[in-house]
Protein chains: 2
Amino acid sequence: MLKFSKKADYALLALQYMAVVQSGVDADPRVVNTKEIAEEHHIPLELLAKVLQTLARHQLIESHHNGPKGGYVLAHAPGDITIAQVLEAIEGPLGLTDCSHEKGDHSQCEQMSRCNIRTPLLKIQDSIFQLLNGMSIEDILVEETPLIIVESLKPQGVIS
Amino acid sequence: MLKFSKKADYALLALQYMAVVQSGVDADPRVVNTKEIAEEHHIPLELLAKVLQTLARHQLIESHHNGPKGGYVLAHAPGDITIAQVLEAIEGPLGLTDCSHEKGDHSQCEQMSRCNIRTPLLKIQDSIFQLLNGMSIEDILVEETPLIIVESLKPQGVIS
DNA sequence: TCAATCTCCGACTAAAATACTCTTGACTAA
DNA sequence: TTAGTCAAGAGTATTTTAGTCGGAGATTGA
């Protein structure tokens, strides 16, 4: 629970790899293909292919063209692709609970009117979402990413 | 993904219920039993029983005694039981990735030296953990819990 | 043109995690 | 003694996730 799926891991690894390659100092930003990434990271080719297809469908990357020399390029600058976008593309809408996406009511829910924890959980969820939305592919390029947020999250200050 | 399991939901519902009952204005803080909670929230009895057993084993609640009039009571004040504690009791150590708990290295990992996203992900994870650690059962008692944190998490301020 | 290489898509199977059940036992209050 | 309760382990069913397979169509280079 609260764990990334492998698909999500693969997506992040692939995007990070593409970002590095495209910003290459060799001044030759190039298209990368599925096989290259799969071999680089020891990811099952077919599975990675599906992940990249999904990312392309959500316009986070673009397929350059088919055939030899084909491949993908990032559709936006690394700084403009957020972690939240990636996760949503791969997994569908994020949500801590099943009733997260039924705005206003949770009529489908077993608990109905008895459920007293929905609102607080939605708040936690919002916070996590904002966190993921505030980070981009650019932020995972460098190993040592300073995260100011960690300071601002000290327990005593969290809840008013 | 990033979703609570039903067991976790049930645990939070149960703890919230127990907290409400125990702080009852009826000045009769009482023991509550599994059946009562299960019926109140339409949770499968047997499953809830296991959840409560787990919480008891982790000393978040205490079994009052067996037999008729038996049941559970919170082992601590609602404010002293954090959401993170509850989740860890139910699901085991939290972590976004499989390598989250191998401190220092990730030698078990397929990616080995090729994995460039571990450190950034650990930071995200820390932030989420601190968030969950900063909220307690007390905070989910009231429907409208003001969360200052949401403000401090505005995207532009998240990453330095 | 033709073969190789690639994307794209959908259906499929396998494995693992989750949700739930059953059974047995021990304890306790009435 | 009996009924109500917690405790614990084994077992089953369902759902989700991970990974596979096969085929269609596009593009390139020889």
Side-chain angles (χ1 to χ4, degrees), chain A residues 1-11 13-14 18 30-39 41-59 61-73 75 87 89-98 110-111, chain B residues 1-11 13-14 18 30-39 41-73 75 87 89-98 110:
Chain A
M1 80 137 295
L2 287 185
K3 215 167 74 176
F4 285 169
S5 67
K6 291 216 170 158
K7 281 190 195 172
D9 281 345
Y10 296 160
L13 279 170
M18 291 172 72
R30 60 192 177 78
V31 168
V32 322
N33 66 41
T34 309
K35 198 174 173 190
E36 178 181 345
I37 303 177
E39 286 176 352
H41 286 292
H42 304 100
I43 300 172
L45 176 64
E46 317 289 348
L47 186 54
L48 179 62
K50 292 188 88 66
V51 169
L52 294 182
Q53 282 164 29
T54 305
L55 293 178
R57 210 177 309 127
H58 285 81
Q59 286 151 29
I61 61 180
E62 283 167 0
S63 80
H64 195 238
H65 58 68
N66 287 352
K69 305 276 180 183
Y72 294 100
V73 288
L87 295 181
I90 299 293
E91 322 261 2
L94 304 177
L96 290 184
T97 65
D98 288 328
E110 290 290 324
Q111 319 304 137
Chain B
M1 80 138 297
L2 287 186
K3 214 167 74 174
F4 285 169
S5 68
K6 291 215 169 154
K7 280 190 195 173
D9 281 345
Y10 296 160
L13 279 170
M18 291 171 72
R30 58 189 179 81
V31 167
V32 322
N33 65 41
T34 309
K35 198 174 173 189
E36 178 180 346
I37 304 177
E39 286 176 352
H41 287 292
H42 306 99
I43 300 172
L45 176 64
E46 319 290 346
L47 185 54
L48 179 62
K50 295 197 93 59
V51 168
L52 295 182
Q53 281 166 30
T54 305
L55 293 178
R57 214 176 306 127
H58 285 82
Q59 287 150 30
L60 298 179
I61 62 180
E62 283 166 2
S63 80
H64 195 238
H65 57 66
N66 288 351
K69 306 276 181 185
Y72 295 100
V73 289
L87 295 181
I90 300 294
E91 322 261 1
L94 304 178
L96 290 184
T97 65
D98 289 328
E110 291 289 325

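None of the values given here were measured: they were computed from a predicted structure. Residue numbering restarts at 1 for every chain, and letters A, B, ... go by the order of the sequence lines.
- Put simply, CE on A:Met18 and CG on A:Leu55 are 8.5 Å apart, with the number rounded to the nearest 0.5 Å.
- You can see that DNA chain C meets the heavy atoms of chain B within a 4.0 Å-exclusive cut from C:dA19 to C:dA29, reading 5' to 3'.
- Nearer to the 5' terminus of DNA chain C, by closest-nucleotide assignment, is the contact made by A:Tyr72 (compared with the other of A:Tyr72 and A:Lys3).
- One atom, CG of A:Asn33, and another, C1' of D:dA26, lie 15 Å apart when rounded to the nearest Å.
- One atom, CG of B:Leu47, and another, P of D:dG9, lie 17 Å apart when rounded to the nearest Å.
- The one candidate from B:Val31, B:Leu60, B:Leu52 that meets the side chain to side chain contact (heavy atoms under 4.5 Å, CB included) condition with B:Tyr72 is B:Leu52.
- In this structure, B:His58 atom NE2 and D:dC6 atom P are separated by 19 Å, rounded to whole Å.
- Contact detail for A:Lys3 and B:Gly95: the closest heavy-atom pair is CG-O, 3.0 Å.
- The existence of a salt bridge linking B:Arg30 and B:Glu36 is confirmed by a sub-4.0 Å separation between a basic side-chain nitrogen and an acidic carboxylate oxygen.
- Here D:dT20 presents its C1' atom at 11 Å from CG of A:Leu45, a figure rounded to the nearest Å.
- If you measure from atom CG of A:Asp9 to atom P of D:dT17, you get 13 Å, rounded to the nearest angstrom.
- From A:Glu91, atom CD reaches atom CG of B:Leu2 across 7.5 Å, with rounding to the nearest 0.5 Å.
- Remark: C1' of D:dT5 and NZ of B:Lys69 are 12 Å apart, rounded to the nearest angstrom.
- Atom NZ of A:Lys6 is separated from atom C1' of D:dT20 by 15 Å (rounded to the nearest Å).
- Side-chain N/O atoms of B:Ser63 include one lying less than 4.0 angstrom from OP1 or OP2 on D:dA7.
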| task | Carefully, step by step, assess B:Leu87 and B:Phe4 under the rule side chain to side chain contact (heavy atoms under 4.5 Å, CB included). | result | CA-CA 9 Å; B:Leu87 295 181; B:Phe4 285 169; 3.8 Å; yes
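- No hydrogens or angles were tested; on distance alone, a donor-acceptor pair under 3.5 Å links the side chain of B:Lys50 to the base of D:dG9.
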| task | Under the side chain to side chain contact (heavy atoms under 4.5 Å, CB included) rule, what do A:Ile90 and A:His58 come out as? Steps first, then yes or no, please. | result | CA-CA 9 Å; A:Ile90 299 293; A:His58 285 81; over 6 Å; no
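- The distance from atom NE2 of B:His64 to atom P of D:dC6 is 12 Å, rounded to the nearest whole Å.
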